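Right, one structure below, let's go through it.
Residues: numbered from 1 along the sequence shown. Because the structure is a prediction, the values reported are computed rather than measured.
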Amino acid sequence: MTLAAVSDFKPTDALVALLTVESLVFAVLGIAIALVIPTDRNRDFFISKKWVLVVINGVLAVVAVGAVFAWAELFGPDFPRQFAQRVVACVLILAITLQPAVAILLSSGVWD
């Protein structure tokens, strides 16, 4: 990435990218939970099931923190005045923060 490309990277670009990454990591968490749920034939992992879920949740939390910073950069200085735009901003921050919380709750019910 060139210096010009970095300077063109706006908070809206960061927010879109981070929300996409957050959704993909959440999907990976779903796959990991499906893999670690006990079955009739237990799967052997080279690392503990708990460690897999902790790492995925950690990555999801870090990405969510980046998304919160991008949201703050976008909406913080000039919070929207119109009702519809306020609703969008509030629902967006709710979605950003709720996804890691749900992931932790789902994971905590699975690990040994």
request  = Considering non-hydrogen atoms only, spot the tightest contact between E22 and A67 and give its length.
outcome  = OE1-CB, 4.5 Å
request  = Hey, could you give me the CG/OG1 distance between L92 and T97, rounded to the nearest 0.5 Å?
outcome  = 9.5 Å
query = Do F75 and C90 pass the side chain to side chain contact (heavy atoms under 4.5 Å, CB included) test, and can you show the C-alpha distance, the side-chain angles, and the key distance before you say yes or no?
reply = CA-CA 10 Å; F75 292 108; C90 291; over 6 Å; no
message = Apply the hydrophobic cluster definition, ILVMFWY joined by side-chain contacts under 4.5 Å directly or through others, and give me every member besides V88.
response = none
request  = Please list, chain by chain and in numerical order, all residues satisfying side chain to side chain contact (heavy atoms under 4.5 Å, CB included) with L98, sequence neighbours excluded.
outcome  = V102
Residues forming a side chain to side chain contact (heavy atoms under 4.5 Å, CB included) with V91, sequence neighbours excluded = V87
query = CD1/I96 to CH2/W71 distance, rounded to the nearest 0.5 angstrom?
reply = 8.0 Å
query = Of all residues at least two apart in sequence or in a different chain, which pass the ring pair (Phe, Tyr, Trp, His ring centres under 6.0 Å) check with F26?
reply = none
key: For L24, the rest of its hydrophobic cluster, which grows through side-chain links under 4.5 angstrom   = none
message = Quick check for you: to the nearest 0.5 Å, what is the distance between L105 atom CG and N57 atom CG?
response = 9.5 Å
query = Do V62 and L60 belong to the same hydrophobic cluster, where Ile, Leu, Val, Met, Phe, Trp and Tyr are linked whenever their side-chain heavy atoms lie under 4.5 Å apart, directly or via other members?
reply = no
query = Of all heavy-atom pairs between I56 and V25, which one has the smallest distance, and what is that distance?
reply = O-CG1, 3.9 Å
query = Taking only residues two or more places apart in sequence, or in another chain, which ones meet S23 in a side chain to side chain contact (heavy atoms under 4.5 Å, CB included)?
reply = Q99
Side chain to side chain contact (heavy atoms under 4.5 Å, CB included) partners of V65, counting only residues at least two apart = F69
ask   = Hey, what else clusters with L94 if you join Ile, Leu, Val, Met, Phe, Trp, Tyr whenever side-chain heavy atoms sit under 4.5 Å?
value = none
key: Hydrophobic cluster identity match, F79 and F83, side-chain contacts under 4.5 Å   = no
